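Inspection log for the structure reproduced underneath, given as structure tokens.
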Number of protein chains: 2
Amino acid sequence: MDDSKIRNMEQFARVSGISRPTLSKYFNDASSVRPKTRARIEEALEQNDYRPNMFAVNQNRRLTKNIGIVVPYLSDPFFAEIARNLEQRCIDAGFWPTLFSAHGDSALEIEILDSLRSLKPAGVLLAPLGRASDRAAIEKFCDDVPTILFDSNIEGVGEAFIGSDNGQIVGLSVEYLCRTGEPPCFFEMPPVNPNAKKRRNGYIQAMEAHGLEPQVIRVEGKGWGFEEVGYRGGLDVIDKGLLTSDTVLCSNDRLAMGFLSACYERGLRVGHEKDCVLRVAGHDDHPFSRFGCPPLTTIAQDYEKISECSVEALFNLIEGGRSNGPRIESLFKGKLVMRASA
Amino acid sequence: MDDSKIRNMEQFARVSGISRPTLSKYFNDASSVRPKTRARIEEALEQNDYRPNMFAVNQNRRLTKNIGIVVPYLSDPFFAEIARNLEQRCIDAGFWPTLFSAHGDSALEIEILDSLRSLKPAGVLLAPLGRASDRAAIEKFCDDVPTILFDSNIEGVGEAFIGSDNGQIVGLSVEYLCRTGEPPCFFEMPPVNPNAKKRRNGYIQAMEAHGLEPQVIRVEGKGWGFEEVGYRGGLDVIDKGLLTSDTVLCSNDRLAMGFLSACYERGLRVGHEKDCVLRVAGHDDHPFSRFGCPPLTTIAQDYEKISECSVEALFNLIEGGRSNGPRIESLFKGKLVMRASA
DNA sequence: ATAAAAACTTTACGCGCGTAAAATATGGAG
DNA sequence: CTCCATATTTTACGCGCGTAAAGTTTTTAT
């Protein structure tokens, strides 16, 4: 290959024998030029390794190819996993995703949205913090930037919401637990986001549908350190004898993992076998749940479909512009994952 | 506030009564203008909410304020945590960090570095995949872009390396375990990065220094699913009776958590109390280790210092340019965290 | 007060590319 | 071969800002 001292599209135009405007078209959308031209460009590209200057490109294009991905808490394996998935899909579609985490802090969430504006993103995939979020600020952002909400809903904000059907999910776990043993009480995490509340209500409804008395145990604690909350809350309810059932259904897996740790510490054997005194189940099937002691029975969220649908909705929004139709909410069903804990 | 229809620095100059070049200086470095001028600018800024166009800025500046942060595997809580820390420090220093994860894939790692070039970053903080990394490609990248390596070293590559003193860390754990019970055997993870090998060697040296016979148990498996590897390897060595000691020292906490899960499944009670048949310890003190069953005794890496030192080294490099001095390697000591598992 | 230094303003150019308009070339249908 | 739709080239301008140079004002030192 020649000395790769090509500094701009002008020079590459000379070297490749293709005019600069055509090159510009090509780099924007390779299929927009004649196949023969395209072949010539790509041949020249292989020998000269030139890449358009991202900043110049984005400055001048009406719409960039940037996509912002914002999650509430990246240290949460669930979000790490789904962010990875979203990222890959964006790249495959020729976009440039940038990942942000609010780290559980609503002020930071707003800062991120502010920064995001100056990226002039074509669109944003936002999993809001939830209850702590500054609704007005997010609403304003969604007015300015095409945004799809996922995981955690804020009614009426954003062009669409993609998440899990918490009613169905909790219905599944309640049904399974009732069918296989004593009806569960519900170990509820602090309501940091609407999912927490929906799962609680889902539990109550499901129990009533089974003609049973719901028993909700509210755990103290705040922030996103759910394991800690589950652990401390677990020790507390065990020591005070507050458990109203030998079966404990937790809001989510991280809480459940903390609870398992508390059970272990108090010598309570968890599982569905004979020598066990407690059954514990969670929701989400987060990546480490299967390595709990015992492995955690849980309801798996459909990571793949949620991310696929989110990205698809965003691309439709980007291409088609805002629709006048109603805001779409897509909710996916979860699947029961039976393990040793319940 | 006035209608925020200010579209460029020119207009903001008119409104604020400050010349555009001075504004340019201010936005580049607020302390580079006279305090009185600065006050006037910031007053106008409050009333007009204008922000310089990032793309135009970065196109023209010789050096951007972008910083790339690259980790090998973001779903690993250890990297999620340290990335968060690095990110915050960069922001506080007025830089614009962007986070990337290679997701355990060396091809993706190279792609990331390629993308990174077009961001014209002022500098990059890189935790390489390790053994799987394409050394030549990374070396070339480091020639072009000021880069600090952290966590996982590649000899001679990058301006500096900041990490943990694996010798000291393993020395600590071996010493503690020998002092409080039977000398440990070493449960070794697949050598995905140099740290794995260093820890193994550190174990051997420490044991020999104590006049003891080292016993290394190599576990099969590949990729970054360490819990899985620890779990499967754990079942295997337990079932085949390959454990040469009642004390098992694991390469890292994720492996140890998987091993704990295997022990639980086989009904082996882990801990240092009377009714326990096995002691297990790890390294790193990753965020969920304390919620193991039992909570994991481990050696904590000094997250704070590693990230502080990494960022500092990068800033020095950015400001001072490449030095002719020798490549610096800063290794931080770990601290023993005693919990119930050993 | 006066000179020197520092900060600011004015003016002007360039960065690399998007994009519009008009002229020209290409390629397939008839 | 001619015609016409479609691609490409030529030309030219603009995006928003960095930055250099020269002139003007303000601050600091003497």
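Numbers restart at 1 for each chain; the letters A, B, ... are given by sequence-line order, proteins then strands. Because the structure is a prediction, the values reported are computed rather than measured.
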Can you pull out the residues from residues 20-27 of chain A that lie within a 4.0 Å heavy-atom distance of DNA chain D?
A:Arg20, A:Pro21, A:Thr22
Does anyone know the first and last nucleotide of DNA chain C in reach of chain B, 5' to 3', at under 4.0 angstrom to a heavy atom?
C:dA7 to C:dG16
Nearest-nucleotide check on DNA chain C, A:Glu10 vs B:Arg34; residue mapping nearer the 5' end is B:Arg34
Provide, to the nearest angstrom, the distance between the CD1 atom belonging to B:Ile18 and the C1' atom belonging to D:dT26.
13 Å
Once ring pair (Phe, Tyr, Trp, His ring centres under 6.0 Å) is applied, what residue pairs with a partner in residues 56-88 of chain B remain, sequence neighbours excluded?
B:Tyr73-B:Trp224, B:Phe78-B:Tyr303
Distance-only side-chain donor-acceptor flag, A:Glu312 / A:Asn316, under 3.5 Å:
no
Results of ring-ring contact (aromatic ring centres under 6.0 Å, His included) for B:Tyr26 - residues two or more places apart only
none
Please set out all donor-acceptor pairs under 3.5 angstrom arising from side-chain atoms of residues 111-124 of chain B, sequence neighbours excluded.
{"from": "B:Ser115", "atom 1": "OG", "to": "B:Glu111", "atom 2": "O", "distance (Å)": "3.1"}
{"from": "B:Arg117", "atom 1": "NH1", "to": "B:Asp144", "atom 2": "OD2", "distance (Å)": "2.4"}
{"from": "B:Ser118", "atom 1": "OG", "to": "B:Ser115", "atom 2": "O", "distance (Å)": "2.7"}

Does anything in residues 35-43 of chain A reach DNA chain D, meaning a heavy atom under 4.0 Å, and if so which residues?
A:Thr37
Filter on ring pair (Phe, Tyr, Trp, His ring centres under 6.0 Å), then keep only pairs touching residues 93-121 of chain B, sequence neighbours left out; what's left?
B:Phe95-B:Phe315
Which part of the nucleic acid, if any, lies within reach of B:Tyr50 when heavy atoms closer than 4.0 Å are counted: base, sugar-phosphate only, or nothing?
sugar-phosphate
Side chain to side chain contact (heavy atoms under 4.5 Å, CB included) filter on A:Asn60, not counting sequence neighbours, yields none
Among all residues two or more places apart in sequence or in another chain, which pass the side chain to side chain contact (heavy atoms under 4.5 Å, CB included) test with B:Asn28?
B:Arg61, B:Lys65
Considering only residues two or more places apart or on different chains, which pairs with a residue in residues 121-148 of chain A satisfy ring pair (Phe, Tyr, Trp, His ring centres under 6.0 Å)?
none
Side chain to side chain contact (heavy atoms under 4.5 Å, CB included) with A:Pro194: which residues, sequence neighbours excluded?
A:Ser152
Taking ring pair (Phe, Tyr, Trp, His ring centres under 6.0 Å) as the cut-off, I'd like each qualifying pair that reaches into residues 36-58 of chain B, sequence neighbours left out, listed once.
B:Phe12-B:Tyr50, B:Phe27-B:Tyr50
With DNA chain C as reference, determine whether A:Arg7 or A:Leu63 sits nearer its 5' end, using the nearest nucleotide of each.
A:Arg7
